Amino acid sequence: MSQRKEKTTEQKTKAVRRTSIGGQAVLEGVMMKGARSIATAVRAPGGNITVECKYIKSAKERNVFLRLPFVRGVVNLVSQLFQGTGIILRSAEVYGDFSEPSKFEKWMAQKLKINPMNVLMAVSVILGIVLAVGLFVFLPNFLASLICDNIAAIASSTLKSLWYSLIEGGIMLVIFICYILLVTLMKDVRRVFMYHGAEHKVISCYEHGLDLTVENAKKMKREHSRCGTTFLFFVVAVSIMVFVLINFMLERCGLLVDSKVLNALIKLGFKLLFLPVVAGVSYEILKLLAKSDSLFVRILRAPGMALQKLTTKEPTDDMLEVSLTAFKTVMEMDEKDGLPERKFEMSVPYGATRERIADIAPCADEADIDWIIVEVTGAMRSELANLQMLTKAQYDRAIEIAKSMSDGKPLQYAMGNSDFYGVKIAVNQNVLIPRPETEELVEIAIRELKQRQVDGNSVSVLDLCTGSGAIAVVVAKETGASVTATDISAAALDVAKANALNGGVKVDFALGDMWSAVSGEFDVITANPPYIPTADIATLDSKVKDFEPTLALDGGEDGLKFYRVIAGGLDKHLKENGVLIMELGIGQAESIKQIFAEYAVQIVNDIEGVERIALVTRR
């Protein structure tokens, strides 16, 4: 018998735990605030829970004045307005506001060094206060005045101030209930109310001494004694009493005048002045009643608890999971120092990313969008069909590339690189974008070099008109041959040098016009010279003529200018039995044969069947 009594006492002790942790529902999540920390957990669009948390000043660390009874209620109200609004805006960011910042937002960030989000938060708070004052102070004040002045029994009553305040409070309560009912019609608000219920259930689960699990939290009631809805009811109740005193004082002190409009404004002004008093008193009542669960206290709390039937809805299991995550995070941070603070891990739906890229860069086709996403995620193109989310950093990089393409710029310039023969080659508008057909030239060059490397023979390669260095870098990487590369453009050579460095290969670069920068003989010479006739440049696709360097495109009047230059110095720089491998334009094969008539010329078709590559062998 004694053991049973001891066990019952232990269960009762365990059944009630006090906590100062309170919360707030946000968009698709819950914020929990403890004595020393604050954490917000949000269900991201991909289904994962992301958490933002940080340490805050405890109440004991605040200024003594700000901790005084009644003062602390006002401080808490103001801080909650700004903090709560900021958290709601942050949760909205997580859940998918992927719109482009306006020009005004960019101007604020760049010129005034102001975070647009802070401005939005301040504006939201101000508008919220204006709306609250308009709906719950000005409108009840106006309607109560109208009713009292038009009902003779009240107008002549010695208890006019009391009647006025009771009517005003009743109207305030009705407006509040109607407002809640109206916003509940909105789907997003209903979900916030469901998360509100999840917040309460988790806190109650802890206070009842149960393990913090979804199953245990589901058993709890949605209503909680420390809820802000109950606080608002106390605000209404306290305001009735305070406003009775204000109205009584105004009449007794003779501060009212004959004008109804002026009287209404005078009363409104004094009520606004005393709102901090109302907030402070209401907060202290809420704190006091939360410490007891006696019958009398439950009666006082009953109206506020009833109102919570409107502001909370039954949550789903996944909502409870979010709330539990926030609560556990705060508990852990309150108990331990030095835990890492975290920011939300932002993620963006794959589909939304594609749509945004298409909006920003109309010139980007589906293939371009594929390659942008491959570039930022590192996924294979074949894997994109299964991709669901991008990180915020990946999304931002994709949008940066899309913006660079918005004026028609080619994808490779926008990304800053091009894939060539399995190697990532850096490109900018000082060099041509490597073409797939040039990969076929490289394939032939590698084959020719490997044939000459039999028995460990060393071979040398010259790459004329190297541009980005794509041919030189890949040949050096694949064969280990001694490679020299030349170009007339210093800017192009800077890109080529960077590609050699990134590729981990040694290439000797020389600046000069064709043969002027070359000395010595080579086993293999490669070249992709300019071969577009001057008159044809204007007819090229805008992505080519408007962005790629004309210096690397213009082959003179007939497009064959540089082939003649190459032919003129070939005998001096190509070893006996050496081979020159060149890319040529459509329809130029016969002319190439004539220009290099003293050599053995072989024309090779590309994969599309076009006569594209010439092999010129010195006999």
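Treat the numbers as computed from the prediction; the structure is a model and nothing was measured. Reckoned from all heavy atoms, side chains included, excluding hydrogens, waters and symmetry mates.
Shown here for Met582 and Leu441, the closest heavy-atom pair between the two residues is C-CD1, 3.6 Å. The two residues Glu437 and Ile613 come nearest to each other via the heavy atoms O-CD1, 4.2 Å. Of all the heavy atoms in Glu199 and Val30, the pair that sits closest is CB-CG1, 3.9 Å. When all heavy atoms of Phe509 and Leu493 are compared, the pair lying nearest together is CD2-CD2, 3.9 Å. Of all heavy-atom pairs spanning Cys465 and Asp487, the tightest one is C-OD2, 3.5 Å. Of all heavy-atom pairs spanning Phe420 and Ile471, the tightest one is CE2-N, 4.3 Å.
Atom CG of Asp317 and atom CG of Leu324 lie 10.0 Å apart (nearest 0.5 Å). One distance of note links CG of Asp546 with CG of Leu540; it measures 10.0 Å at 0.5 Å rounding. For the atom pair CD (Gln451) and CZ (Arg447), the distance works out to 6.0 Å, reported to the nearest 0.5 Å. For the atom pair Ile357 CD1 and Asp368 CG, the distance stands at 10.0 Å (nearest 0.5 Å). In this structure, CE in Met380 is found 12.5 Å from CG in Asp370, a value given to the nearest 0.5 Å. With rounding to the nearest 0.5 Å, the separation of CG in Asp508 from OG in Ser482 is 6.0 Å.
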Intermediate values then yes/no, side-chain contact (heavy atoms from CB on, under 4.5 Å), Ile360 and Ile399: CA-CA 8 Å; Ile360 294 172; Ile399 297 307; 3.6 Å; yes

Checking side chain to side chain donor-acceptor pair (under 3.5 Å) for the pair Tyr195/Glu28: CA distance, chi angles, key distance, verdict? CA-CA 7 Å; Tyr195 275 105; Glu28 294 303 323; 3.2 Å; yes

Is there a side-chain contact (heavy atoms from CB on, under 4.5 Å) between Gln24 and Thr40? Walk through the geometry before answering. CA-CA 9 Å; Gln24 171 188 326; Thr40 306; over 6 Å; no

Determine, stepwise, if the pair Glu400 / Lys403 fulfils salt bridge (charged side-chain N to carboxylate O under 4.0 Å, His left out). CA-CA 5 Å; Glu400 182 184 346; Lys403 287 178 181 176; over 6 Å; no

Test salt bridge (charged side-chain N to carboxylate O under 4.0 Å, His left out) on Glu321 and Arg43 and set out the steps. CA-CA 9 Å; Glu321 185 183 5; Arg43 179 78 66 179; 3.1 Å; yes

Check step by step if side-chain contact (heavy atoms from CB on, under 4.5 Å) holds for Phe547 and Lys409. CA-CA 7 Å; Phe547 294 96; Lys409 184 182 293 182; 3.8 Å; yes

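Between Asp523 and the choices Lys450, Lys575, Arg452, the salt bridge (Lys or Arg N to Asp or Glu O under 4.0 Å) rule is met once, by Lys575. Partner of Glu448 under the side-chain contact (heavy atoms from CB on, under 4.5 Å) criterion, out of Thr479, Val579, Val461: Val579 alone.
Using modelled atom types and a 3.5 Å distance limit, the side chains of Thr534 and Glu557 yield no donor-acceptor pair. No side-chain N or O of Tyr531 forms a donor-acceptor pair with one of Gln588 less than 3.5 Å apart. No side-chain N or O of Gln412 forms a donor-acceptor pair with one of Asp419 less than 3.5 Å apart. Between the side chains of Thr539 and Asp536, no donor-acceptor pair of N or O atoms lies under 3.5 Å. Side chains of Tyr421 and Glu443: a donor on one and an acceptor on the other come within 3.5 Å.
Two residues are said to be in side-chain contact when any heavy atoms from C-beta on lie closer than 4.5 Å; Ile532 and Asp554 fail this criterion. At a threshold of 4.5 Å between non-hydrogen side-chain atoms, the residues Thr484 and Val518 do not count as touching. Side-chain contact between Leu615 and Leu580 is absent, with no heavy-atom pair separated by less than 4.5 Å. Looking at Val26 and Val192, their side chains never come closer than 4.5 Å, going by heavy atoms from C-beta outward. By the 4.5 Å heavy-atom criterion applied to side chains, Ile446 and Ile444 are not counted as neighbours. The closest side-chain heavy-atom distance from Val524 to Val459 is not below 4.5 Å. A heavy-atom distance below 4.5 Å is found between the side chains of Thr391 and Gln394. Within the 4.5 Å cutoff, no side-chain heavy atoms of Ile525 are placed close to those of Ile581.
Checking side-chain atoms of Asn430 against main-chain N and O of Pro549 turns up no donor-acceptor pair under 3.5 Å. Checked by atom type and distance alone, the side chain of Asp513 never pairs as donor or acceptor with a backbone atom of Ser516 at under 3.5 Å. With Asn417 contributing its side chain and Ile425 its backbone, the two residues share no donor-acceptor pair below 3.5 Å. No donor-acceptor pair closer than 3.5 Å links the side chain of Arg612 to the backbone N or O of Gly585. Judged by distance alone, the side chain of Arg435 and the main-chain N or O of Ile433 form a donor-acceptor pair under 3.5 Å. Side chain of Asn499 to main chain of Val495: a donor-acceptor pair is present (N/O by atom type, distance under 3.5 Å, no hydrogens or angles). For the pair Ser323 (side chain) and Ala198 (backbone), a donor-acceptor distance under 3.5 Å is present. Looking only at distances, no side-chain donor or acceptor of Gln594 sits under 3.5 Å from a matching main-chain atom of Ser591. In terms of modelled atom types and a separation under 3.5 Å, the side chain of Trp371 and the main chain of Leu411 share no donor-acceptor contact. Under a 3.5 Å cut-off, the side chain of Thr438 and the backbone N or O of Pro434 do not form any donor-acceptor pair.
For Asp571, the side chain to side chain contact (heavy atoms under 4.5 Å, CB included) partners at least two apart in sequence or on another chain are Tyr599, Arg618.
For CD1 of Ile607, the number of neighbouring non-hydrogen atoms (other residues, nucleotides, ligands) closer than 6.0 Å is 12 at most. More than 12 heavy atoms of other residues, nucleotides or ligands sit less than 6.0 Å from atom CD of Glu341. Dense packing is recorded around NZ of Lys545, with more than 12 heavy atoms of other residues, nucleotides or ligands lying under 6.0 Å away.
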